[in-house]
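Here is the structure we will look at, set down as structure tokens.
Excluded from the calculations below are hydrogen atoms, water molecules and symmetry mates; all remaining heavy atoms, backbone and side chain alike, are included. Within every chain, numbering begins at 1; the chains are lettered A, B, ... in the order of the sequence lines, protein sequences first and strands thereafter.
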Amino acid sequence: MLSIFKSIPTHMDYKGQKLAEQIFQGIILVSALVGFIYGLIIEQFGWTVYIVLGGFAISCLLTLPPWPMYRRHPLAWQPVVPESQGDVRDKPQENVKKPRKHK
Amino acid sequence: MNTVLSRANSLFAFSLSVMAALTFGCFITTAFKERSVPVHIRVSKVLLKNVDDFTGPRERSDLGIINFDISADILHSPIFDWNVKQLFLYLSAEYTTKSNALNQVVLWDKIVLRGEKTTISLKDIKSKYFFFDDGNGLRANKNVTLTLSWNVVPNAGILPLITGSGHMSLPFPDTYETPKSY
């Protein structure tokens, strides 16, 4: 059953990862600030925790699944070179021994 | 951050750090405030006995039986704020005898949770715990002082111990088994 989960693609490209990180950090910090001020005003710390948990849930929804906005800058790989017989290989490393200087 | 698990790990760790910072903020906003309130204690009756005390080293010790009233307004700030979970109140008696310079005995206590709408306005309560003296120092004692103190159990931070302002001092009777009313 685990193979089903492993076959769902969840990757993002690099710019998408940076965007996702900025998004969740921003959402959680904003919800922390709002929650702190609200809890201070109504004198209940429980509400601060609820608001931060709400921010956590929103950012889970926005950043955990690989939405298309995180895949807008895919890496430009080189095109696939078809393999043929008698490939041109690299020059083998020459075993060059440096001449020793006799003192 | 390439897989879901890696992103979830990052997200969860960040949330927990932010939560820890908020808890510290909650502590800091209430750490330095003045928490003492005026308390009114009245004693209605004192009875002194000389009985066998099996917990002490000698045969008979003085036992005081006190009925008292307490009133204190604890419902709002400065006592209950967003960093208080519950209060542990206790009434203690303090006096000096020939053998000991300072004696402190807890006579009664109560736990008050935040959100319970109880004001402390109790009349004619008996002490919960035995008021035994270490010897026979209660008879004809000139000055026994009753004070109400409380321990604040917070949501985050240290537990302050506050004494209410206002105490009641009274002399104890000279003889055993004769109730003295005030």
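Contact of B:Asn155 with chain A is made through the side chain alone, with heavy-atom distances under 4.5 Å. Contacts between B:Ser6 and chain A at a heavy-atom distance below 4.5 Å are absent for every atom of the residue. Heavy-atom distances place both the backbone and the side chain of B:Val4 under 4.5 Å from chain A. Within the 4.5 angstrom heavy-atom criterion, no atom of A:Ile42 approaches chain B. Heavy atoms of B:Thr29 lying under 4.5 Å from chain A belong exclusively to its side chain.
One finds the CZ atom of B:Phe12 at 10.5 Å from the CD1 atom of A:Ile28 (value rounded to the nearest 0.5 Å). A distance of 9.0 Å separates CG in A:Leu64 from CG in B:Leu5, rounded to the nearest 0.5 Å. From B:Asn83, atom CG reaches atom CZ of A:Phe45 across 8.0 Å, with rounding to the nearest 0.5 Å. Between atom OG of residue A:Ser59 and atom CZ of residue B:Arg7 there is a gap of 12.5 Å, rounded to the nearest 0.5 Å. Atom OG1 of B:Thr3 and atom NE2 of A:His11 lie 12.0 Å apart (nearest 0.5 Å). To the nearest 0.5 Å, atoms CD (A:Glu21) and CZ (B:Phe14) are separated by 9.0 Å.
Hydrophobic clustering of Ile, Leu, Val, Met, Phe, Trp and Tyr side chains at less than 4.5 Å, counting indirect connections, unites B:Tyr176 with B:Phe172. Linking Ile, Leu, Val, Met, Phe, Trp and Tyr residues whenever their side-chain heavy atoms come within less than 4.5 Å leaves B:Phe24 and B:Trp82 in two separate clusters. Taken together through direct or relayed side-chain contacts under 4.5 Å among Ile, Leu, Val, Met, Phe, Trp and Tyr, B:Trp108 and B:Phe130 form parts of separate hydrophobic clusters. There is no path of hydrophobic side-chain contacts, each under 4.5 Å, that joins A:Ile27 to A:Ile51. A chain of hydrophobic side-chain contacts below 4.5 Å, direct or via other Ile, Leu, Val, Met, Phe, Trp or Tyr residues, connects B:Leu148 to B:Val43.
Looking at B:Met19 and A:Val49, their side chains come closer than 4.5 Å, going by heavy atoms from C-beta outward. Looking at B:Leu11 and A:Gln25, their side chains never come closer than 4.5 Å, going by heavy atoms from C-beta outward.
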Verdict with reasoning, B:Ser10 to A:Phe24, per side-chain contact (heavy atoms from CB on, under 4.5 Å)
CA-CA 10 Å; B:Ser10 236; A:Phe24 81 67; 3.9 Å; yes
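Counting heavy-atom pairs closer than 4.5 Å to chain B, the top-ranked of the candidates A:Gly39, A:Gly46, A:Cys60 is A:Gly39.
Heavy atoms of other residues, nucleotides or ligands lying less than 6.0 angstrom from CZ of A:Arg72 number 12 at most. The 12-atom threshold is exceeded at CZ of B:Arg114, counting heavy atoms of other residues, nucleotides or ligands nearer than 6.0 Å. Counting non-hydrogen atoms of other residues, nucleotides and ligands closer than 6.0 Å to NZ of B:Lys128 gives a total above 12. More than 12 heavy atoms of other residues, nucleotides or ligands sit less than 6.0 Å from atom OH of B:Tyr129. Other residues, nucleotides and ligands contribute over 12 non-hydrogen atoms within 6.0 Å of the NZ atom of B:Lys123.
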